[in-house]
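Remarks on the structure that follows.
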Amino acid sequence: MKLGAIDLGDVKPSAWTFLTWLGLFTLLPFCIILTMSLVQRGEYGTLTWVPTLENYARCFQWIYAKVLGKTLFLAFVATMSCLVFGFPVAYFLARSTGWRRNLGLVLLFIPFWTNFVLRMYGIISLYGNNGLLNQSLMAMGLISQPLPILYTRLGVYLGLVYNYLPFLVVPIFSALEKLDESWREAAQDLGANRVQVFWRVVVPNIQQGVAVGALFVFIPMLGEYVIPDLLGGAKEAFLGNVMVSQFFVMQDWPFGSALAGLLAMLLLFTLWIQTRWGQSDRRFTRG
Amino acid sequence: MGKALKKPNRFVTAIFILAIVYLYVPLGYLVIQTFLKDPNDIGGGCTLAWILQLLQNPDLLAPLWTSIEIGVLSATLAVLVGTLGAVGLTPIAAKLPVPVQTLILLPILLPEVITGLSLLLFFLLLRFELGFFTVAIAHASFSASFVYFIVTEQLRKLDPNLSEAAQDLGARPDQIFWKITVPNVLPGILGGWMLAFTLSFDDFLISFFTSGAGVTTLPLKIYSLMRLGISPELNGLSFLMILLSVCLVIALLLRRESREWVLKR
Amino acid sequence: MGPQTLIRKFGVVLAFVVIFGGVFTLLRSGKKSSTPTLRVYTWSNYFSDDILKKFTERTGVKVELSYLSSNEEMFAKLRAGATGFDVIQPSDYMMRQLIRLQMLQALDKSQLPNISQLEATYQNPPYDPGGKFSVPFTYGTTGIAVNTEKVKVPAGGVGWNLLLKSPDPSHTSILDDMREVFGAVLKADGHSLNTTDVKALEKARVQIAQLKNNILMFNSEPKALLLKGELNVAHIFSCDAAQAMAMNPKIKYFIPKEGGAMWTDNFAIPVKAAHPKEAHQFINFVLDPEIALEIVREKKLATPNLAAKEKLSPEERGDKTVYPDPKDLMKMQYLEDIGDSLQTVSRMWTELKS
C-alpha cells in the first residue's frame, strides 16, 4: 500500500510506535481542543454540544485582537532582542576553539539547570523596587527613587530575553559552525573587505538557521503565561494569560479552546511560510 | 579544510561577557543572599543557618524527590519512544509527508500553554486520574520529539559504509544493529535522556496543568513558596542547584579529559 | 525474511505493547499507597506539618495537601471531572455554585460529633442552609493593609479611596480577583457588592481602568511583598493581613468605612471523593476545640469554633483584624451570585486586564 512516496510496508513497527505515541498524546489532545472550540458554553462552564463558530468569531473582537496584536509585538521585540544579543554570543562561540568554546557553552547553560521558577525569583530579587539593582543605584546616589523595572512591560522583556537567549544562540551557533571557512577566505582573497564578507557570504548562508532559531523562540513566546504574570505584575494580559483565564477563571472552555486553536493555526501558518521561503533559497549549500 | 579560525574580536567578546553577566547576576545574588543573616541587608553578617534549615526541610525535599522520580520516568519513556521512532523513520525520513513531519515537530513548537491545556482536557475527558503519571506522560510527550531529532542526527552521521562493509563480511542484520548502530547512537541516546530529564525537571507550566492531588513537583512548590515570600530557603535552594549543576559539569568534563588522557597514552 | 528479522520485529512489537499497556495501566490507577491517603485541596498556609502529623497519629491516615490559588481554578478542575480530591476548601460564594451544581456530598453529621462546637450562626450559614454540605473553617473580611511606617493613615479614617487614589501608587497593589476589585469600587460609590445595575458596573469599569495605571501590581497574596517593603498599601484578605501584622507590627489592617466583603472558607467533600470516611475524620479532627485552638493560634485565623474561641486570651479575642468589630461587620456583605451579570463583569475584567 502506498502513501505518497512511501510504501507503507516499509514502515517498521518501531516507527509506528513513535507515530502512535504522537497521535495519542499530541494529535488527539489537540483535536479535543479543536472540538471544544466549536461548541457552545453552557451555564457555569458546562458544555452544550451545540456546534457553533461563535467562539472563533469572538476571537476577532476588538479586545482580543488587541491582545493578539500586543502579544505579537511583545514576542517580536523580545525575539529581536535575543537576536541582537544572541548573534554576537553565537559568533563568539563559533570562533572559539577547544576549552574556550566548551567553557562558553557550559557557562551559557548552567543557569538552565537551576529551575525556571528560581530564575524568575532571581530576577524579581534583582530588579524589584527594593531589589539589589535599585538599592545599589540609590546607595551610589545615582537615583533617588527606585527605577520601576519590575511589574512593567520592561520587566517582562527582561524575563523573556533571560529565558530564551540560549535557545536562540544554539541554532545560530550551529549554522555558523557549518559555514565553510574557505568561502570567507576566497572572498577575502578576491578583495572583499570584512563587511562585505559578512553580508555577502556569512549572512545568506546562515539565514536559514537563524530563521529557524528565531521561530523556535518567537512561537513559544506568543503563548507565554508565567513571565507576564510574575514579572509584569499581572497588569497586562497577553494571549497566554487570556487563554488560561478562560479555563480557570471565566469558566469558558470553548472560548479558551478557540484562542488556543487560533494560536496553533497561526503557528502552523508561520511554519509553512518558513518552509516555503527556505525551499526557494538554496544557495551555497555544502555539496 | 580552511586555515585556523581567527579569534573572536573584542566587541563580540564583550557582548558575550555581558550576556553571561546578565544571566548570572540574578542567580549570583540569590546565592549571596543564602549566606546572609538578613537576606535584605548586605551589610549584615554571614550564616550557614539557611542552608541547614533547607536541608532539614521535608517540605522542600519531598517535591525535589518527586521531580526526580518524574524526570527519570519521563526521560526513560521519551528515550524509548523517541529512539524507536528515529530508528524506524530515518530510512524514509526524506520521503515523509509534510503532515507527519509537522506532527513530529509539533510537541517542540507548540507553546506550553496549548500543550498543557490540551493534555489536561485529554486526561480529564478520558477520566484518567490527575497525578504522578499524568505529569510524567505529559513531560515525555514533548521530550520524545527532542530525543527523536537528536538520535536521527546521530544516525545520519553514521557512516553507511560501516554497515555495508559489515554486511559484505557476512554479518546478520541484528548483529549490525547491536554491534554497529547501537554503540554509535548511544551517546545520542544518553544525551537525549539528559535533555529529557532536564526539560522535565525544569518544567513548570505543563506540570501546573496536569498535576493533581498530592503531586507537587519542585517548580510548583517553589512557585507557591514565592507567593508566600519565604525567601531564605529559596535562596539556599538556588545555591544548591547551581552547585549541583556545576559539579555535574565538572564531572562530565573530567571524565572526558581522563578518557583523552588515557587515549593519548 | 529470516528468523532473526522476525525476532527483531517481534521484539519491537512487544516493546510497543509494553509501553502502551504500561502507560494506560498507570494512568488508570494513579499512584496508590498501602495506607489510605487523604487528599486535601486547600489554601496555602492553613495547615502546618505538625497538625497533619497529629491527625495521622490519631487516625493512621496520611494527608497529602495540594494548594489552591483560586476558587475558580478548583472549580474548573472539579467540573472537568478531576477525581482524587477528598476534601476541598471553597469560599462561601463558590459553595453556592458547587451546591447548585450538585458537586458536593451531603455531610454525614453522625461522623462529625465535634460539629456542635461551632457557633450557632456557623452551623447554618446563608450560603448553605442547615450546613448540609459544608463546615466553616475560618472567616474574615477583605480590606486594606497599610505599612504605617511608610504611609500615613488619613485623619478622617480609612475609606476605599486610600487604595483607589493611593498616596503611594508605586507601592500599591490590588487583589487579582474580579469580584473583589469590582466590589471595592462599587462600595466606594455607595452601591452594593452584588449590584447588577449596568450603569454602576460600567462606572466601576471606567474607574478600575484608571486605577490600573496607579498601582504597582495585581496580587492576591501581597503578604510577602508587604513584609519586604515592596508594597505599602495593599488590598488584602484579613487572614493574610493578620499574619503580616504578627511579623511587622507597623503594618495595620483597616476595614474601609464604606464596608466591603466578608468571606468564609469551608470544608466540603466532592461527590466523587475516594475516601469519604477519612474525609469526615479529618473535618471532625479540625473541629476539635484543642486542634482548632492550635491552628488559629499559629496561623492567626478566626475560628467559628465556640469552644476554641472561649479558650482564647482576651488579647487574642480583641484582635480586630481577626475578629472584626460588630460595628464593622454590619457594613460587610457576602459576595453573592449575580447571575447573568457575571458574564458582563467577566468580559469587563478581561478587557481591563488587556
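Numbers restart at 1 for each chain; the letters A, B, ... are given by sequence-line order, proteins then strands. These numbers come from a predicted model, not from an experiment.
The side-chain heavy atoms of B:Ile70 and B:Ser200, taken from C-beta on, include a pair separated by under 4.5 Å. In this structure, the side chains of A:Phe255 and A:Met243 stay at 4.5 Å or more apart for every pair of heavy atoms. The side-chain heavy atoms of B:Leu195 and B:Val147, taken from C-beta on, include no pair separated by under 4.5 Å. Put simply, the side chain of A:Leu230 reaches to within 4.5 Å of the side chain of B:Tyr223, judged on heavy atoms.
When heavy atoms are compared at a cutoff of 4.5 Å, B:Leu220 does not approach chain A at all. Using a 4.5 Å cut-off between heavy atoms, A:Leu133 makes no contact with chain B at all. Contact annotation for B:Phe209: only side-chain heavy atoms (C-beta onward) come within less than 4.5 Å of a heavy atom of chain A. Residue contact with chain B, scored on non-hydrogen atoms closer than 4.5 Å, involves the side chain of A:Phe247 exclusively. Contacts between A:Asn163 and chain B at a heavy-atom distance below 4.5 Å are absent for every atom of the residue. Proximity to chain B (any heavy atom under 4.5 Å) is restricted, for A:Leu267, to the side chain, taken from C-beta onward. Proximity to chain A (any heavy atom under 4.5 Å) is restricted, for B:Phe204, to the side chain, taken from C-beta onward. Only the side chain of B:Ile20 has a heavy atom closer than 4.5 Å to any heavy atom of chain A. Only the side chain of A:Leu93 comes within less than 4.5 Å of a heavy atom in chain B; its backbone stays farther off. In this structure, chain B has a heavy atom under 4.5 Å from the side chain of A:Met36, while its backbone stays farther away. Both the backbone and the side chain of A:Leu107 have a heavy atom closer than 4.5 Å to some heavy atom of chain B. With a 4.5 angstrom heavy-atom cutoff, B:Leu218 touches chain A only via side-chain atoms. Contacts of B:Leu119 with chain A are made by both backbone and side-chain atoms, with heavy-atom separations under 4.5 Å. For B:Leu89, the parts sitting under 4.5 Å from any heavy atom of chain A are the backbone and the side chain alike. Residue contact with chain A, scored on non-hydrogen atoms closer than 4.5 Å, involves the backbone and the side chain of B:Ala140 alike.
Your options are B:Ile17, B:Ile104, B:Leu23, B:Val25, and the one with the most heavy-atom pairs under 4.5 Å with chain A is B:Leu23. Contact tally against chain A (heavy-atom pairs below 4.5 Å) for B:Leu205, B:Leu105, B:Leu120: the top residue is B:Leu205. Ranked by heavy-atom pairs under 4.5 Å with chain A, the list B:Leu109, B:Thr83, B:Ile222 is led by B:Leu109. For the set A:Phe116, A:Tyr162, A:Phe248, A:Tyr225, the count of heavy-atom pairs under 4.5 angstrom toward chain B peaks at A:Tyr162. Contact tally against chain B (heavy-atom pairs below 4.5 Å) for A:Ile110, A:Ile124, A:Leu19, A:Ile32: the top residue is A:Ile110. Interface summary for chain B: among A:Val169, A:Leu215, A:Leu222, A:Leu158, the most heavy-atom pairs under 4.5 angstrom belong to A:Leu158. In terms of heavy-atom pairs under 4.5 angstrom with chain B, the leader among A:Pro166, A:Gly261, A:Ser125 is A:Ser125.
With 3.5 Å as the limit, one finds no donor-acceptor pair spanning the side chains of B:Glu153 and B:Tyr148. In summary, the side chains of B:Thr210 and B:His139 do not present any donor paired with an acceptor at a separation below 3.5 Å, with no hydrogens or angles considered. Looking at B:Asp202 and B:Thr198, their side chains never bring a donor and an acceptor atom within 3.5 Å of each other.
A:Ser174 places no side-chain N or O within donor-acceptor distance of the main-chain N or O of A:Pro171, the cut-off being under 3.5 Å. Side-chain atoms of B:Ser67 never come within 3.5 Å of backbone atoms of B:Phe201 as a donor-acceptor pair (strictly under, hydrogens ignored). One N or O on the side chain of A:Arg119 and one on the backbone of A:Pro111 form a donor-acceptor pair closer than 3.5 Å. Between the side chain of B:Ser145 and the backbone N or O of B:Phe142 there is no donor-acceptor pair closer than 3.5 Å. Remark: the backbone N or O of A:Arg95 is not paired with any side-chain donor or acceptor of A:Arg101 at under 3.5 angstrom.
For A:Phe167 and A:Phe216, the distance between ring centers is not under 6.0 angstrom.
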